[in-house]
S.K.: 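Here it is, the structure, as structure tokens.
Heads up: numbering here begins at 1 and tracks the sequence.
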Amino acid sequence: MLSPVLAVTGHVSLGFVPLVIMPLYAVQRMARLSQERRRAAHADDLTGLGNRTGLQAAYARRQAVPAARRRGPALLVMDLDGFKYVNDALGHDTGDRLLTAFAERLRAALPEGAYAARLGGDEFAVLLDERDSGCALRAAEHISAAVNGPVSLSGLEVEVAAAVGVAVSPQHGDDFVTLLRHADIAMYDAKRDNTGVALYQPGTDRHAQRLELLDQVRHALVTDDREAITLHYQPQADLITGRVVGVEALLRYRGPDGEPVSPATLIPMVEHTPVMHQLTDRIVDDAVAQAGRWQAAGLNLRTSVNVSIRDLLRDDLVERLRSRLAEHRVPPHLLQLEITESALMADPTRALPTIKALRELGVGLALDDFGTGFSSLQHLREIPLDEIKIDRSFVSGMTTNRHDSAIVSSVVTLARTLGLRTVAEGIEDAPTRHRLRAAGCSLMQGYLLAPALPAEAIPQLVADAAASRIPAPTP
């Protein structure tokens, strides 16, 4: 295009040609650099796919097409299952190789006209020119089948499985942010239901509900709302004498409407957020304060508090416990932390320093829901536990299922060999209590003894249990 300019310049004087070429080269170079910067701003450095900015730009280009000729678009969001464990076990370099291998599979599986992007971490997205939900779902299933499967990394075959969520415009959103959020919600539905691929269903926006609940709990903690967040205590008694020797502190939460929210609903929503630390601090503070009040009244009850693995990895946990115990004049042996077997076994090495510091402080540690997390006996030998709590799923079947009865008896024998107490959870009838007592289990907890009660009801329960032994059940 510039050849006529150069021809005229050469005709005037050949000496002018370099003077024209240099500015033209500079302009061309600046244009190329600008194009490269624009391309880099829209691309993911690791995988070579687009990034979030590029995905949004691709969506805008499709929306710029007149509605009569526009097809969709549909948006797919996918997340790799177990990627964190690959990173933790094999290192970030191996994790990067897994992401690169996944991106290559994804690129090869794309239908014509599709745009793929890495949103960050192990989350990817695909933009399709498709307005029909059924066709978009079939395309997602095809992509899912193509990207799933084992990948060889560091001499290991690592299984790759991606959960895929699908949202289609305009029925699931007519702007990028809404469509992305709804595809993300569908992806979590696919992950939760183990279906692999899921289409967004209006009315299932659990993320909005989760954010609302998080905000309500955070507000209750900040304002020290004693009506919203309380503790009830379920007693634990000696299986032989029936004497109440301890309690487990259990969270109770009521929303702004006054309706109770089950801990089974609440805890999974907050456990991976900063609110969990705030909630644990509140529970620990209240439980230790109550243990102090009971001790002042002559009740020396061991109080157990549930914590998460994230709490055990905190730098300030031991010092906070030391401070609260000193403040309320509670001997450390009257406080015990409970953590589920599956949580502790997920990262026992990192938790071990905190566990040892708790041991030095004198605070006990119980392994909760034992039998559900496939613990290594090596870990049981290394971790300084005080108590094993046998999961109610085994205890409840002792009188009707010989396998459950054998498992419970074996756990009790193992614990006794290791010098540990055993607590059977979920005891609801006398025959089960008789079986456990015969097996040598130490303590009982369940509705046969009492449900979780407000703190003020515990002294009377302790007195009643002391006044009359629980009668031995008839075999």
Side-chain angles (χ1 to χ4, degrees), residues 52 77 79-80 82-85 87-88 92 95 119-123 177 180-181 184-185 187-188 191-192 205-231 249-257 260-289 304-325 327 335 337-340 342-355 357-358 361 363 365 368:
R52 186 183 293 266
V77 170
D79 176 87
L80 273 63
F83 176 71
K84 177 182 182 299
Y85 298 108
N87 254 353
D88 291 346
H92 290 280
L119 301 179
D122 61 340
E123 196 170 47
V177 173
L180 181 63
R181 179 164 61 87
D184 196 52
I185 291 168
M187 182 267 290
Y188 278 104
K191 188 183 290 286
R192 184 196 68 236
D205 194 344
R206 295 179 179 85
H207 290 260
Q209 299 169 7
R210 178 172 178 265
L211 289 174
E212 182 179 10
L213 181 58
L214 277 174
D215 184 63
Q216 292 170 354
V217 174
R218 185 185 297 109
H219 182 265
L221 290 167
V222 170
T223 59
D224 197 24
D225 188 341
R226 297 286 162 173
E227 296 294 325
I229 297 176
T230 58
L231 292 181
L250 297 172
L251 173 68
R252 295 294 181 263
Y253 173 75
R254 290 185 179 275
D257 58 359
V261 178
S262 166
T265 299
L266 176 64
I267 298 300
M269 288 190 176
V270 304
E271 66 180 340
H272 298 297
T273 73
V275 175
M276 189 68 232
H277 287 334
Q278 296 175 270
L279 187 58
T280 298
D281 288 344
R282 168 70 177 274
I283 293 171
V284 167
D285 291 352
D286 287 1
V288 173
S304 296
V305 177
N306 294 279
V307 295
S308 69
I309 185 64
R310 295 180 72 241
D311 292 314
L312 283 185
L313 300 180
R314 290 170 56 180
D315 294 332
D316 64 338
L317 176 65
V318 176
E319 286 308 313
R320 186 176 188 91
L321 292 176
R322 191 192 310 277
S323 171
R324 294 299 178 267
L325 291 168
E327 177 184 351
L335 178 65
L337 301 186
E338 291 188 13
I339 186 165
T340 61
S342 55
L344 185 57
M345 293 306 119
D347 202 347
T349 304
R350 288 182 61 200
L352 198 54
T354 301
I355 292 172
L358 290 170
L361 178 60
V363 171
L365 185 70
D368 199 8

S.K.: Taking all non-hydrogen atoms of both residues into account, name the closest pair between V288 and R324 and its distance.
M.R.: CG1-O, 3.6 Å
S.K.: List the steps and the verdict of side-chain contact (heavy atoms from CB on, under 4.5 Å) for L279 and I267.
M.R.: CA-CA 10 Å; L279 187 58; I267 298 300; 4.2 Å; yes
S.K.: Mind checking the CG-CD spacing from L266 to Q216? Nearest 0.5 Å is all I need.
M.R.: 10.0 Å
S.K.: Does the D311 side chain pair with the main chain of S308, one donor and one acceptor, at a distance under 3.5 Å?
M.R.: yes
S.K.: Are V217 and V261 side-chain neighbours, meaning at least one heavy-atom pair lies under 4.5 Å?
M.R.: no
S.K.: Answer yes or no: is there a donor N or O on one side and an acceptor on the other, between the side chain of S323 and the main chain of E319, under 3.5 Å?
M.R.: no
S.K.: Taking side chain as C-beta onward, heavy atoms only, is N306 less than 4.5 Å from T340?
M.R.: no
S.K.: List in chain and number order the residues that pass side-chain hydrogen bond (donor to acceptor under 3.5 Å, both in side chains) with D79, two or more places apart in sequence or in another chain; answer none if no residue qualifies.
M.R.: K191
S.K.: Has T354 got a side-chain atom pairing as donor or acceptor with L312's backbone, closer than 3.5 angstrom?
M.R.: yes
S.K.: Around atom CG of D315, are there more than 12 heavy atoms from other residues, nucleotides or ligands closer than 6.0 Å?
M.R.: no
S.K.: Distance check, rounded to the nearest 0.5 Å: I229 atom CD1 versus R252 atom CZ?
M.R.: 13.5 Å
S.K.: Start with the C-alpha distance between V275 and Q278, add both sets of side-chain angles, then the distance that settles side-chain contact (heavy atoms from CB on, under 4.5 Å), and finish with yes or no.
M.R.: CA-CA 5 Å; V275 175; Q278 296 175 270; 4.0 Å; yes
S.K.: Could you check whether any side-chain heavy atom of D224 comes within less than 4.5 Å of a side-chain heavy atom of R282, counting everything from C-beta outward?
M.R.: yes
S.K.: In Å, rounded to the nearest 0.5 Å, how long is the span from CZ of R322 to CG of L361?
M.R.: 5.0 Å
S.K.: Evaluate the side-chain contact (heavy atoms from CB on, under 4.5 Å) criterion for residues T230 and R254: first the C-alpha distance (whole Å), next the side-chain angles of each, then the deciding distance (0.1 Å), finally the verdict.
M.R.: CA-CA 9 Å; T230 58; R254 290 185 179 275; over 6 Å; no
S.K.: What distance separates D281 CG from D316 CG, expressed to the nearest 0.5 Å?
M.R.: 6.5 Å
S.K.: Going by heavy atoms in the side chains, are R181 and D184 under 4.5 Å from each other?
M.R.: no
S.K.: State, with a plain yes or no, whether a side-chain heavy atom of L321 is found less than 4.5 Å away from one of L358.
M.R.: yes
S.K.: Carefully, step by step, assess V284 and R320 under the rule side-chain contact (heavy atoms from CB on, under 4.5 Å).
M.R.: CA-CA 9 Å; V284 167; R320 186 176 188 91; 5.5 Å; no
S.K.: Flag the pair L317 / V307 as yes when at least one side-chain heavy-atom distance between them is below 4.5 Å, and no otherwise.
M.R.: no
S.K.: Taking R310 for its side chain and M276 for its backbone only, find out whether a donor-acceptor pair lies under 3.5 Å.
M.R.: no
S.K.: Roughly how far apart are I309 CD1 and R314 CZ, rounded to 0.5 Å?
M.R.: 13.0 Å
S.K.: Considering non-hydrogen atoms only, spot the tightest contact between V305 and A287 and give its length.
M.R.: CG2-CB, 3.6 Å
S.K.: What's the shortest heavy-atom distance between Y253 and A220, and which atoms?
M.R.: CE1-CB, 4.4 Å
